[in-house]
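Before any comments, here is the structure.
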Amino acid sequence: MRLLTTRNVVVGGLLLRVCMLFYGLWQDAYMTVKYTDIDYNVFTDAAYLVWDGSSPYQRLTYRYTPVLAWLLTPNIWLHPTFGKWLFVACDCIVGILIARITRLRGTSERAAAAYTALWLLNPQVANISTRGSAESVVCAAVMATFYAFQRKHIVRGSAMFGLAVHLKIYPIIYALPLLSMLGGKPFDVSNRSSSWTRVCGLFNSHRIKFFAVSAGVFLALNTAMFCIYGQEFVEETYLYHITRKDHRHNYSMWFLPIYLRFYSPASVAMGLLSFIPQAIVVATLGLSFGGDLYFAAFAQTFAFVAYNKVCTAQYFMWYICLLPVIWQYNSRQLVPGALVLISIWLGSQAFYLQQAYRLEFLGENTLVLLWAAGAVIFLANNWILCQIISSQQIVPLFDTSSGRHTNSQAESKKSQ
């Protein structure tokens with residue numbers, strides 16, 4: 001009897017999260033440092049407000065779509081931990097989608113289970129969800145979007161994409177690789193022999209359908225929220241993140257310059273300028289690797305998080321969910337190649353957390369060291385991404401000559 005199966009990994013991942021949920025209840029009840037993330041309390045307070053017919057934005061620091069508050073109303077009438085169970089369920093959905101995606105690309109059942117374990121048996125992922133972070137909901141929407149396109153379900157994938165962007169604006173960066181994929185075989189089999197045909201190919205029926213459906217879902221959800229909550233919805237959910245100035249320390253090296261000029265108009269300009277290098281790098285990666293949907297999305301997300309003016313551990317989930325899907329095409333095997341990258345990734349965070357502990361719990365002035373640690377994380381992430389790119393085989397989602405799914409790294413090499 002084989003132990004490494006997708007079913008066993010899903011069950012193991014669920015059991016891990018159940019144990020962490022119950023441990024969290026104990027820690028919250030008996031320890032000074034709480035297990036539950038402060039964001040979960042914000043979500044619950046917002047759920048109380050919408051349950052009473054009020055605006056969730058009456059709760060200070062709630063900067064999310066009201067849909068999330070509505071989803072968590074069972075926290076009020078069912079049980080306070082309902083939201084955590086929902087996030088755990090989304091974690092498991094992501095794991096199942098990873099297994100299906102890798103199987104569809106030709107991996108064996110055993111290999112698919114191993115890749116799924118990188119997500120479901122990852123203690124950091126389990127910790128973030130069981131503490132009450134809602135990132136797994138967005139990750140599930142993103143992975144469902146990609147899986148639908150992989151199955152050539154354009155309308156379903158487009159609708160999921162519109163939902164994902166509504167839930168959290170960052171998935172909009174995936175429009176570039178998605179549009180690139182929809183312009184090639186098997187979605188577009190026209191003969192682009194003339195310049196006019198190539199120009200028309202930019203607006204093929206699949207791209208038009210993608211834009212119409214995804215924009216339609218996004219605008220419909222936003223219109224509904226605007227009709228209920230007015231301009232406050234637009235400002236808190238979207239505009240806030242453009243002009244956001246976060247005075248709290250976080251992994252981003254932008255933290256200290258913005259903190260020192262927090263009450264100056266220069267801090268707003270600095271926050272806006274931080275988008276320029278981020279946008280350039282993310283767009284370049286999307287255009288460069290658009291043929292390989294999953295790797296383009298991974299590279300874009302990794303860079304987006306690394307260059308963002310606010311960066312927390314929850315954001316890491318945005319690209320960790322994509323890592324199991326793309327790793328089968330990387331020449332760096334887990335031992336020892338990937339372990340070096342993982343060690344550097346974790347080591348840079350450990351250096352930062354040491355300084356944060358000294359600041360928060362010992363009362364020492366480590367702001368400069370925190371900024372230095374953020375710079376180390378930024379440089380480490382850039383180096384890691386370069387290493388991954390240099391060792392990655394770019395494999396289109398579909399065989400461009402036949403429209404079939406590419407089955408494996410070995411098959412793609414044979415076809416070259």
Side-chain angles (χ1 to χ4, degrees), residues 17 20-21 23-25 27-29 31-51 54-76 78-91 94 122-142 164 166-171 225 229 232-233 235-242 244-252 255 301 304-305 308-321 349 352-353 356 360:
R17 285 159 175 77
M20 296 180 78
L21 275 172
Y23 167 78
L25 292 175
Q27 182 174 326
D28 286 344
M31 298 185 69
T32 303
V33 178
K34 304 303 181 183
Y35 183 84
T36 299
D37 193 291
I38 185 63
D39 284 347
Y40 190 72
N41 297 327
V42 173
F43 300 156
T44 302
D45 291 344
Y48 269 108
L49 289 168
V50 298
W51 183 250
S54 303
S55 168
Y57 303 110
Q58 291 181 20
R59 190 355 172 143
L60 295 178
T61 74
Y62 185 82
R63 316 289 186 183
Y64 313 90
T65 169
V67 171
L68 179 60
W70 289 356
L71 284 175
L72 297 191
T73 52
N75 281 15
I76 314 307
L78 183 60
H79 196 273
T81 62
F82 170 83
K84 293 184 179 182
W85 291 102
L86 174 63
F87 303 154
V88 164
C90 289
D91 256 1
V94 172
N122 186 326
Q124 183 177 26
V125 173
N127 173 261
I128 289 173
S129 293
T130 54
R131 289 184 64 211
S133 170
E135 303 307 330
S136 62
V137 178
V138 183
C139 291
V142 168
H166 173 78
L167 292 173
K168 187 88 76 168
I169 196 65
Y170 87 89
M225 297 301 102
Y229 301 109
E232 188 178 34
F233 156 71
E235 293 176 354
E236 298 292 343
T237 305
Y238 299 114
L239 298 182
Y240 165 79
H241 296 284
I242 297 176
R244 178 178 182 179
K245 300 188 300 178
D246 201 325
H247 66 281
R248 295 170 297 180
H249 62 82
N250 60 82
Y251 289 124
S252 174
F255 141 71
T301 312
F304 182 90
V305 173
N308 207 37
K309 63 182 177 182
V310 177
C311 179
T312 64
Q314 289 92 326
Y315 296 179
F316 300 156
M317 290 181 68
W318 299 351
Y319 58 78
I320 291 177
C321 67
Q349 294 175 46
Y352 176 91
L353 292 173
E360 293 289 340

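Excluded from the calculations below are hydrogen atoms, water molecules and symmetry mates; all remaining heavy atoms, backbone and side chain alike, are included.
Between the side chains of Thr130 and Tyr35, a donor-acceptor pair is found at a separation under 3.5 Å.
In this structure, Trp51 CH2 and Ile76 CD1 are separated by 8.5 Å, a value rounded to the nearest 0.5 Å. Expressed to the nearest 0.5 Å, how far CD1 of Ile38 lies from CZ of Arg131 amounts to 10.0 Å. Atom CD1 in Ile128 sits 6.5 Å away from atom OG in Ser133 (nearest 0.5 Å). Between atom CZ of residue Arg59 and atom CG of residue Leu49 there is a gap of 9.0 Å, rounded to the nearest 0.5 Å.
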Thr301/Tyr170 under side-chain hydrogen bond (donor to acceptor under 3.5 Å, both in side chains): CA gap, chis, key distance, verdict: CA-CA 8 Å; Thr301 312; Tyr170 87 89; 6.0 Å; no

Stepwise side chain to side chain contact (heavy atoms under 4.5 Å, CB included) check, Ser129 with Met317: CA-CA 10 Å; Ser129 293; Met317 290 181 68; 3.7 Å; yes

CA sep, side-chain torsions, deciding dist, call: Thr36, Asp28, side-chain hydrogen bond (donor to acceptor under 3.5 Å, both in side chains): CA-CA 7 Å; Thr36 299; Asp28 286 344; 2.5 Å; yes

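The two atoms that bring Tyr229 and Ser55 nearest to each other are CE2-CA, 3.8 Å, heavy atoms only. Here the closest heavy-atom approach between residue Thr81 and residue Asn75 is recorded as C-OD1, 4.4 Å. The minimum heavy-atom distance between Val33 and Gln27, with the atom names listed, is O-NE2, 3.0 Å. The shortest heavy-atom contact between Ala69 and Ala47 is O-CB, 3.6 Å. Nearest heavy atom pair, residue Val305 against residue Cys311, reads CG1-SG, 3.6 Å.
Between the side chain of Ser252 and the backbone N or O of Asn308, at least one donor-acceptor pair lies under 3.5 Å. Not a single donor-acceptor pair under 3.5 Å links the side chain of Tyr48 to the backbone N or O of Thr73.
Ring orientation note: the planes of Tyr352 and Tyr251 are tilted relative to one another, at an angle of 30° to 60°.
The ring of Phe304 has its center no closer than 6.0 angstrom to the ring center of Tyr315.
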